[in-house]
Amino acid sequence: MKYWLLKSEPGSFGIDDLAAAPAKRASWDGVRNYQARNFMRDDMRKGDLAFFYHSSCDVPGIAGIVRIVKEAHPDLTAFDPADPHYDPVSDPQNPRWYMVDVALERKFRRVITLDELKRYQRGRLSELMILRRGNRLSITPVTKAEWRFIVSLEAAERAREQSSA
DNA sequence: GCCAACGTTGGC
DNA sequence: GCCAACGTTGGC
């Protein structure tokens, strides 16, 4: 099983939108970057887990965990002229863009903020792709060690807040 | 194949 | 709104 990080702008689709969706499930559509597409199409497998990252918002950070419930299939929004991610060059006979389906695993009790992740930029998270300078990829792999560490931050921070209260 | 121009991303 | 960083496009 692999681990991932998926970015989305909560202004267009955030973790609460996923929580409100039927069966808490949705297609991760609109990806229009080849490297991100290749990760989805070639490496993502049913059962993989991914962080749901909120970008371009007041408090950027990881809001929760989703599970890949359907492997890559053609992203139909690419063929819809009314869709903001419409790609006139994509051919329905030979789809260029793909999406996976995800289901909400759980929403974190609090957002693990980008600020907090950056505190470990020189340590446990020195290789985390979203902390690398200039990285804009919307889909990035996360190592098992990074995954476990980040998941542990949720409770660790809570304990620290409580002890200092 | 090079590279300038342009568009997008995303934190600040 | 700014702007650094990056990807894509298209002329040559």
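Just so you know, these numbers come straight off a predicted model, no measurement behind them. Numbers restart at 1 for each chain; the letters A, B, ... are given by sequence-line order, proteins then strands.
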If you look only at pairs with a residue in residues 78-92 of chain A, which of them pass as a side-chain hydrogen bond (donor to acceptor under 3.5 Å, both in side chains), with sequence neighbours excluded? A/Asp87-A/Trp97
Sequence neighbours excluded, every pair satisfying side-chain hydrogen bond (donor to acceptor under 3.5 Å, both in side chains) that has a member inside residues 54-67 of chain A: A/Arg67-A/Glu105
Checking A/Asn38 now: which residues fulfil side-chain hydrogen bond (donor to acceptor under 3.5 Å, both in side chains) with it, not counting sequence neighbours? A/Arg41
Please classify the nucleic acid contact of A/Ser55 as base, sugar-phosphate, or nothing, using heavy-atom distances under 4.0 Å. sugar-phosphate
Side-chain donor-acceptor pairs of residues 9-23 of chain A under 3.5 Å, sequence neighbours excluded:
unit_1  : atom_1 : unit_2   : atom_2 : d
A/Ser12 : OG     : A/Glu9   : O      : 3.1
A/Asp16 : OD1    : A/Lys107 : NZ     : 2.7
A/Asp17 : OD2    : A/Gly14  : N      : 2.8

ring-ring contact (aromatic ring centres under 6.0 Å, His included) partners for A/Phe39, two or more places apart: A/Trp4
Enumerate the residues from residues 121-131 of chain A whose closest heavy atom to DNA chain B is under 4.0 Å, giving them by residue number; use none for an empty result. none
Reading DNA chain C from 5' to 3', where do the contacts with chain A start and stop? Cut-off is 4.0 Å to heavy atoms. C/dA5 to C/dT8
Is the side chain of A/Arg45 donor-acceptor paired with the backbone N or O of A/Asp42 at a distance under 3.5 Å, no angle test? yes
With a 3.5 Å cut-off and sequence neighbours excluded, list the donor-acceptor pairs that the side chains of residues 70-77 of chain A form with protein atoms.
unit_1  : atom_1 : unit_2   : atom_2 : d
A/Glu71 : OE2    : A/Lys46  : N      : 3.0
A/His73 : NE2    : A/Asp101 : OD1    : 2.9
A/Asp75 : OD1    : A/Thr77  : N      : 3.0
A/Asp75 : OD1    : A/Thr77  : OG1    : 2.6
A/Asp75 : OD2    : A/Gly30  : N      : 2.8
A/Asp75 : OD2    : A/Arg32  : NH1    : 2.9
A/Asp75 : OD2    : A/Thr77  : OG1    : 3.4
A/Thr77 : OG1    : A/Arg32  : NH2    : 2.9

Can you list every salt bridge (charged side-chain N to carboxylate O under 4.0 Å, His left out) pair that touches residues 136-149 of chain A, not counting sequence neighbours? none
